[in-house]
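Labels below follow one simple rule: chain letters A, B, ... track the order of the sequence lines, proteins then strands, and each chain is numbered from 1.
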Protein chains: 2
Amino acid sequence: MSVFAGQGDAARSMALLWSGPDAPGHQAEGLRRSPGPKRALSVDVIVEAAIAAADADPMTGVSLRAVAERLGCTSMALYTYVPGKGELLDLMYDRAHAELSTGHDPSRGWRAAATSWAGELRSFYLRHPWVLQVSYARPVLGPHEQAVMETLAGIVFRTGLPAATLRGIVSALFHFVRGNAQTAAESRLAATATGMSDQEWWTSRSSLLERLAPDFAERFPMSIRLSTPEPVPARRDESTPHGEHQADEATPYMEHQTDEAFAVGLSVLLEGVDATRNNLSLPPSAAADAS
Amino acid sequence: MSVFAGQGDAARSMALLWSGPDAPGHQAEGLRRSPGPKRALSVDVIVEAAIAAADADPMTGVSLRAVAERLGCTSMALYTYVPGKGELLDLMYDRAHAELSTGHDPSRGWRAAATSWAGELRSFYLRHPWVLQVSYARPVLGPHEQAVMETLAGIVFRTGLPAATLRGIVSALFHFVRGNAQTAAESRLAATATGMSDQEWWTSRSSLLERLAPDFAERFPMSIRLSTPEPVPARRDESTPHGEHQADEATPYMEHQTDEAFAVGLSVLLEGVDATRNNLSLPPSAAADAS
DNA sequence: TAGAACTCCTTATGCCATAAGGTGTTATCC
DNA sequence: GGATAACACCTTATGGCATAAGGAGTTCTA
């Protein structure tokens, strides 16, 4: 039952995000100018603790109580530093993005760069699944997320496509990576939370379905055909071109599924970018996209 | 602060989902065989009321209290019919999918069919944004969602691609449509909830950013270039770099952005599917995918 | 007609965010 | 150097949530 999604007062979040570390309340020590007791905490420390709490228990959203417990104070004490939970979430979100690398090797092609960018983002989301709960509409773009955006923008501009097209591509890339990572993360979390492995889940689900809907195969033949694995004769023939994976027990079923879906989907998406480039360079006889 | 995401006991959800309407508790009337007072409600009625409640207030997740209020009973009465909130959510989720059309015109090409399928799914999500809060991992596939899946499977098999590739494509399509719809829906909801239009939001955000990060343009040149609209000749000088948009009041800024991103992203994705087909039909000299 | 089964209610528990207001600490001004 | 005002942090209260526990009334069956 993951919880959070919205954000708080954007103006206050942005002020906290973009103001330097010398801003009021941002640090415990510093040139104090005001009366009152010394501040025991700082925004940075709170954000750090909140991230740790969210990482430690990603299923249930972070609670101010849990954060406060980590810091040895009451939840109300946090309100001195942060306007509320929503704003704290914004801060956590941006701070976490500082983990992502911002440069890309310009000697590689745009496609290789995009592929590794997407892979890095995906593993970032898998490390911090709670990040995916933060809404994407009306983004409170903090410096670190903006840097991620900047990196991707730098990569896609090398395709030579116009900005309007690139906006669509960037958005599609983000949605794809986020969606895939969310599925993968939730499947992992479900396994640890319920104590039921993916394998167990799927077999029990299948047998249930068989009992409850005996006519499943006739009603949904295409679905069955889609989910049926290829007849894999030995090890690694090239019938499944993308990222074949030997069924060692180390990687559970769903994990393998999402990994493969990621490789295939990303490849197809970038193939589409390439094709869109070719379409533009071709003489106007090339059929326009039949949307 | 949208809330819900997980699901409840899958076995019980599946029993409720797949059992016919004559199953115990599914209907108010029927061949009663047991003592006790008549059932005033039914699972179907509860699910219907819950969907109505969720549609009416999609920001905050549905609460059992709200559903009960609609039905003129207490929240605890619902527990007689439904094991808990998670299972109710599963039922709502599947029931809502009954709205989607399941056939597709086989005379049209796969691409046209996929495009209209995606468009229909997107507008469905926009009608019922709460559906997007239901997790995608360990799906409790009910009959109606399965029918949607079946339709898409039928479409993509007409590309002739192998099932493993198609799984990746299907997954990418879903993630793309879901992500885009979620962004669009949240942006709409934010507008009505905060009473601040997208236009207002973006201008206030821009001016805030200008004050808090005066060096934004130097730090993030690519982002600026990406968000800058193509040089539309007249209308508004380009001194305000962020997201200028001719202000027709009909379609607000973000709405236009997400609509365009949907069209472009979908087109690129399907272009990639097409290109992947061509790659497979080509002689083996065609460069394999450089993942 | 007694009893069992069943529905639905009231009440209680334990989470959660956060509003309200009290108490002790501390820098600054007279 | 002491008064004072600003401030951090606490306790307590409010209202919302899911749901556990148990009680009261209704209706079928033996």
Can you name the residues that form a side chain to side chain donor-acceptor pair (under 3.5 Å) with D259(B), not counting sequence neighbours? R122(B)
Please tabulate the protein-to-nucleotide N/O contacts below 3.5 Å involving nucleotides 7-11 of chain C, giving atom names and distances.
residue	atom	partner	partner atom	Å
dT7(C)	OP1	R39(B)	NE	3.0
dT7(C)	OP1	R39(B)	NH2	2.9
dC8(C)	OP1	A40(B)	N	2.9
dC8(C)	OP1	Y81(B)	OH	3.3
dC8(C)	OP2	Y81(B)	OH	2.9
dC9(C)	OP2	T74(B)	N	3.4
dC9(C)	OP2	T74(B)	OG1	2.9

Whole angstrom value for the distance that separates C1' of dA12(C) from OH of Y79(B): 14 Å
Nearest-Å distance, CZ (R65(B)) to P (dT19(D))? 13 Å
Atom pair distance, as rounded to whole Å: NZ in K85(B) and P in dC16(C): 15 Å
Return the set of residues passing side-chain contact (heavy atoms from CB on, under 4.5 Å) with E210(A) (not counting sequence neighbours), or none when no residue passes. none
Over how many whole Å does the gap from L89(A) atom CG to dA17(C) atom P extend? 11 Å
Distance check needed: dA8(D) P versus L78(A) CG, whole Å only. 13 Å
Identified side chain to side chain contact (heavy atoms under 4.5 Å, CB included) counterpart of V47(B) within the set D44(B), V43(B), V45(B): V43(B)
In whole angstroms, the gap separating P of dC9(D) from CG of L71(A) amounts to 11 Å
Hits for side-chain contact (heavy atoms from CB on, under 4.5 Å) against T151(A), two or more places apart or cross-chain, chain-then-number order -> T102(A), H104(A), W117(A), I155(A)
Side-chain atoms of residues 62-69 of chain A: list all donor-acceptor pairs with protein atoms under 3.5 Å, sequence neighbours left out, distances to 0.1 Å.
residue	atom	partner	partner atom	Å
S63(A)	OG	R65(A)	N	3.4
S63(A)	OG	A66(A)	N	3.0

Who passes salt bridge (charged side-chain N to carboxylate O under 4.0 Å, His left out) against R12(B), sequence neighbours left out? D9(B)
